[in-house]
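Shown next, in structure tokens, is the structure this report addresses.
Sequence lines set the chain letters: A, B, ... in the order given, protein chains first and strands last, and positions in each chain run from 1.
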Amino acid sequence: MSEFLSLHDAVARYVQDGATVAMEGFTHLIPFAAGHEVIRQKKRDLTLIRMTPDIIYDQMIGAGCAKKVIFSWGGNPGVGSLHRLRDAVEKGWPCKIEILEHSHAAMACAFEAGAAGLPLAVFRGYIGSELPSVNDQIKFIECPFTGERLAAVPSVRPDVSIIHAQRADRQGNVLVEGIVGVQKEAVLAAKHSIVTVEEIVDDLGATPNACVIPSWAISAIAVAEKGALPSYTHGYYGRSNRFYKEWDAIARDRDTFTQWLDNNVFNAADNVGGQA
Amino acid sequence: MSEFLSLHDAVARYVQDGATVAMEGFTHLIPFAAGHEVIRQKKRDLTLIRMTPDIIYDQMIGAGCAKKVIFSWGGNPGVGSLHRLRDAVEKGWPCKIEILEHSHAAMACAFEAGAAGLPLAVFRGYIGSELPSVNDQIKFIECPFTGERLAAVPSVRPDVSIIHAQRADRQGNVLVEGIVGVQKEAVLAAKHSIVTVEEIVDDLGATPNACVIPSWAISAIAVAEKGALPSYTHGYYGRSNRFYKEWDAIARDRDTFTQWLDNNVFNAADNVGGQA
Amino acid sequence: MSLEYTSSEMMSVTAARALENGMTCFVGIGLPSEAANLARLTHAPDVVLIYESGTLQTKPDILPLSIGDGELCESALTTVAVPEMFRYWLQGGKVDVGFLGTAQIDRFANLNTTLIGDYKAPKVRLPGGGGAPEIATNAGEVFITLKHSKRAFVKDVDFVTTLGFGRDGKGRDNVPNIGKGPTRVITDLCVMKPDPGSKELVVVSLHPGVSREEVIEATGWEVRFAEQLESTPEPSANELEILRELKARTERAHADA
Amino acid sequence: MSLEYTSSEMMSVTAARALENGMTCFVGIGLPSEAANLARLTHAPDVVLIYESGTLQTKPDILPLSIGDGELCESALTTVAVPEMFRYWLQGGKVDVGFLGTAQIDRFANLNTTLIGDYKAPKVRLPGGGGAPEIATNAGEVFITLKHSKRAFVKDVDFVTTLGFGRDGKGRDNVPNIGKGPTRVITDLCVMKPDPGSKELVVVSLHPGVSREEVIEATGWEVRFAEQLESTPEPSANELEILRELKARTERAHADA
């Protein structure tokens, strides 16, 4: 059964220095409030897994939380580079980070395989790509029925996964709606999981086949209103495309970034995404 | 794009003698009307795939449509045996049939793999079971990352899949709701597909993550009101548990079965499931 | 103060009591379903029932006839596709206990639901494996419930559809990522558990009024009894009342439909 | 009767025209998304647009900034999980054409979105593969659109993120279950197609007012021109109007949010 905790307590309990952490949300429902809490608690040496690092990992990398990033597309969507990720990879600021990169298909299948309790994902991928030459976690197997060569990658099995969702009921069951990405898979694949939600309600209002994650598959639930901003929550508030564009200038420079972090994360009174 | 056809024309066009056919619906939404149409058109030498053959394949086998059945649980749910299936397997009436049997997990994964365009499904299964000794389509592979021995089965890729669903819109998009089984996978895995529906509507009334199969992934749609009876259609009508129980007596005897078939399928005016 | 009850009721109540509140249970149809729902309606209101039709955390008011009755979906927290059920929820390690019935069981708790006789020329063709082969290996542990008879309790099953502990009792040794397997078998006569060493099923508890001889007579191998043989506690009046109401409701509903 | 239009508009309109009505198109963000939606709003109202965020058959009124803007979900037929998107819809063979952009492209239409320089010590770190590596091999064919420049059109990409025809043009030969690969590249200067034999990209059509020299100057290899070099048809007034309205709507919406 999930436990209702404050975001502070949930992160303190489940995110350990050195842990492998997946904070998912495919453009939608990115758990920014939780990311900021991780930064505030000065977690270190994390292996961060995310298909699209997005601004959330740019912030965490810039704040020095990461030692390794596993990803498949590391940009600011529709805007350009993730400057903090690049600065860490290219110049080692604030610390050197290792990267391991995949394609989206590989990571999506690896999350699926993690949720399915398997050690590997098998798919038709990486044909002709040079990614296997720089990622030793990409292997190939032969189909015993057809002889076809198929790609294999290890499944994703994080120590802790963190996602944001619309709402939980009082028993701790969670509804995720809209672009659901690999969020359910991230939760099911992880040893522990934290779900931040916009609100707690009496009745989820879910249709028969809705994406509902049962309470007993979640470790902790924390209320974080607007916890996905500047990403968005379908049915609650829209994406701040403006902040995504502004981030380019903020993150381009170490000083403006540090300043932003101080003002919006370290000295912020609330848990909200913190876009000024 | 799907085409709206009569059930007669859809079956006539897409179900060829000798074809591999999956008629799915996990207890719910079993396409009985379509099964009866296949019987009426005297299709022969079909390889029938279904996780649970249920009464629908018992009827088709008894009517002489099948030469092979691929399945994972061949009973009358909650009642007992499928007497027509047993009579064909044990005594070769009305014709000898071959069986290939799996577990549910294997077939569910095989449908998933078929929908995913893969030649095989990999899963943790068949450990200690003797099914691999009687099914040469079950093999084992070694995980290149962990060395774990995992089961592999060929994916399901039928010539034609047939399912029943609640409704289609006028563009031919289909909503499936409730116990969705492997129906979507069956459609996506097949070369051709027929979907029978209770009704055609202007608006599906689907929520954002509803199980909707797009028109362009379906070959033909046919209206078959009550087309799942004696199985059921969530939101439309309930399961006739009574008929499932009555079927035991009907199917136990070749003559009562033949009589039933004449009265309820060959000489039936409508496409309905035909439970007297 | 002995209550009136049948041996079937004794079996259902004892099977129900095996489930602890809060456990997630992958439920087989028939006797396991009856026991699991009785548990939910008595001492284990928060037991999580999962059926292979994809219905997660379901609370049926009447017992389903099939594994996919409408009642299961309507009373479920949510309903997922069948591949997801087997991949994420069962294989993904979310199930504490698989609750199974069977046609045949042997001394090492291997289950046969495939056929009696020879595979190529069966005397009796049974329904087949269904969900059982992977429930038995992927669930944390397995409870089995069935009526005791010499036909069902055999020394060696004709076919191992579903692994108990293998034909030599060592079928789970050194296998990675496998559950504990059958931890108890509940019949209308007694409760059996595997011997910790040999894994052979041993009678650990006799139901009230049942003699050792009755069990010996109904078992197809030279069955052993635990040194500290217990007497299974009787059903309570409340359990019997709830079980009978459940069965009556179910019968009425199935007759109507 | 020549209309006023920019080379960017020429590129978008030409890219849009490549899509036929009824095609299913897996859409990359940026220029491909602009072209695909322009096609939908002009000659191809029934083109099916799929974005990797899981949004199936989406009809956004404004262009999404990201691959997963709310607009895409709200206007979609349905939205599926990302693993399903890549497994059932892309790998499952339901996509006719993958529409991609890129940072670098070489003469065999291999795409590089990983980095400039050496992998261990990159000069410029680019975002990475994203969906492209499998879109390029699992879609029936691939259209590519990007601005023409010597920096982008190189003889050999620094890194093959995504297969065109391989470093020797033979990367798809004898590979089972693979799409046709890039069938056209649409730039702001011209349209290129792979030579049927060597698979080297050849200019088949020059945009109005563009000279061979301009293309040669903007291409990092000794680019060849088709014998029957065509002139790309001009945008129509209607296409330009709809494109400009789309971009204006988009700009207003993104400024507001």
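- For D:I135, no part lies under 4.5 angstrom from a heavy atom of chain A.
- Within the 4.5 angstrom heavy-atom criterion, only side-chain atoms of D:Y119, from C-beta onward, approach chain A.
- Using modelled atom types, no side-chain atom of A:S103 and backbone atom of D:P133 make a donor-acceptor pair closer than 3.5 Å.
- In this structure, SG in A:C109 is found 8.0 Å from CD in D:E134, a value given to the nearest 0.5 Å.
- Within the 4.5 angstrom heavy-atom criterion, atoms from both the backbone and the side chain of A:F123 approach chain D.
- Neither the backbone nor the side chain of D:R172 comes within less than 4.5 Å of any heavy atom of chain A.
- For the set A:E112, A:E90, A:H28, A:M51, the entry with the most heavy-atom pairs within less than 4.5 Å of chain D is A:E90.
- Neither the backbone nor the side chain of A:K184 comes within contact range of chain D, judged by heavy atoms closer than 4.5 Å.
- Using a 4.5 Å cut-off on side-chain heavy atoms (C-beta onward), D:H254 and A:R239 make no contact.
- The part of D:T137 that comes within reach of chain A is its side chain, from C-beta onward, which places non-hydrogen atoms under 4.5 angstrom from that chain.
- The local environment of CZ in D:R249 is crowded, with over 12 non-hydrogen atoms from other residues, nucleotides or ligands closer than 6.0 Å.
- Residue contact with chain A, scored on non-hydrogen atoms closer than 4.5 Å, involves the backbone and the side chain of D:N177 alike.
- At a 4.5 Å heavy-atom cutoff, the contact between D:T114 and chain A is made by side-chain atoms alone.
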Determine whether A:V180 and D:T79 satisfy the following criterion, side chain to side chain contact (heavy atoms under 4.5 Å, CB included), listing intermediate values before the conclusion. CA-CA 8 Å; A:V180 294; D:T79 298; 5.5 Å; no
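- Put simply, of A:G181, A:S231, A:G125, the one with the most heavy-atom pairs under 4.5 Å next to chain D is A:G181.
- If you measure heavy-atom distances from A:I99 to chain D, the contacts under 4.5 Å come from the side chain alone.
- Counting heavy atoms of neighbouring residues, nucleotides and ligands inside a 6.0 Å radius, atom NZ of A:K245 exceeds 12 of them.
- Your options are A:P77, A:S72, A:A105, and the one with the most heavy-atom pairs under 4.5 Å with chain D is A:A105.
- Within the 4.5 Å cutoff, no side-chain heavy atoms of D:T113 are placed close to those of A:W73.
- The greatest number of non-hydrogen atom pairs below 4.5 Å with chain A, out of D:I29, D:N138, D:L72, D:L111, is found for D:N138.
- With a threshold of 4.5 angstrom between heavy atoms, D:V175 approaches chain A through side-chain atoms but not through N, CA, C or O.
- Both the backbone and the side chain of D:Q91 come within contact range of chain A, with heavy atoms under 4.5 Å apart.
- Atom-to-atom distance recorded for A:Y232:OH and D:D69:CG is 6.5 Å, nearest 0.5 angstrom.
- One finds the CG atom of D:L65 at 7.5 Å from the CG atom of A:N76 (value rounded to the nearest 0.5 Å).
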Run D:F159 and A:L131 through side chain to side chain contact (heavy atoms under 4.5 Å, CB included) and show every step you take. CA-CA 9 Å; D:F159 188 89; A:L131 282 165; 4.0 Å; yes
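- Residue-environment remark: NZ (D:K155) stays at or below the threshold of 12 foreign heavy atoms within 6.0 Å.
- The choice from D:G54, D:G129, D:G131 that makes the most heavy-atom pairs within less than 4.5 Å of chain A is D:G131.
- A salt bridge links D:R125 to A:E101: at least one charged side-chain nitrogen sits closer than 4.0 Å to a carboxylate oxygen.
- Between D:L163 and A:S129 there is no side-chain heavy-atom pair separated by less than 4.5 Å.
- Shown here is D:K180, whose NZ atom has no more than 12 heavy atoms of other residues, nucleotides or ligands within 6.0 Å.
- Chosen from A:A151, A:A121, A:G178, the residue pairing most often with chain D at heavy-atom distances under 4.5 Å is A:G178.
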Please assess A:F26 against D:I67 for the test side chain to side chain contact (heavy atoms under 4.5 Å, CB included), listing each intermediate value before the final yes or no. CA-CA 9 Å; A:F26 201 90; D:I67 206 83; 3.4 Å; yes
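- The choice from A:C211, A:G74, A:A115 that makes the most heavy-atom pairs within less than 4.5 Å of chain D is A:G74.
- The parts of D:E52 that come within reach of chain A are both its backbone and its side chain, each placing non-hydrogen atoms under 4.5 angstrom from that chain.
- Residue D:R244 qualifies as enclosed at atom CZ: its count of foreign heavy atoms under 6.0 Å is above 12.
- Looking only at heavy-atom pairs under 4.5 Å with chain D, the residue among A:R124, A:H234, A:R86 that has the most is A:R124.
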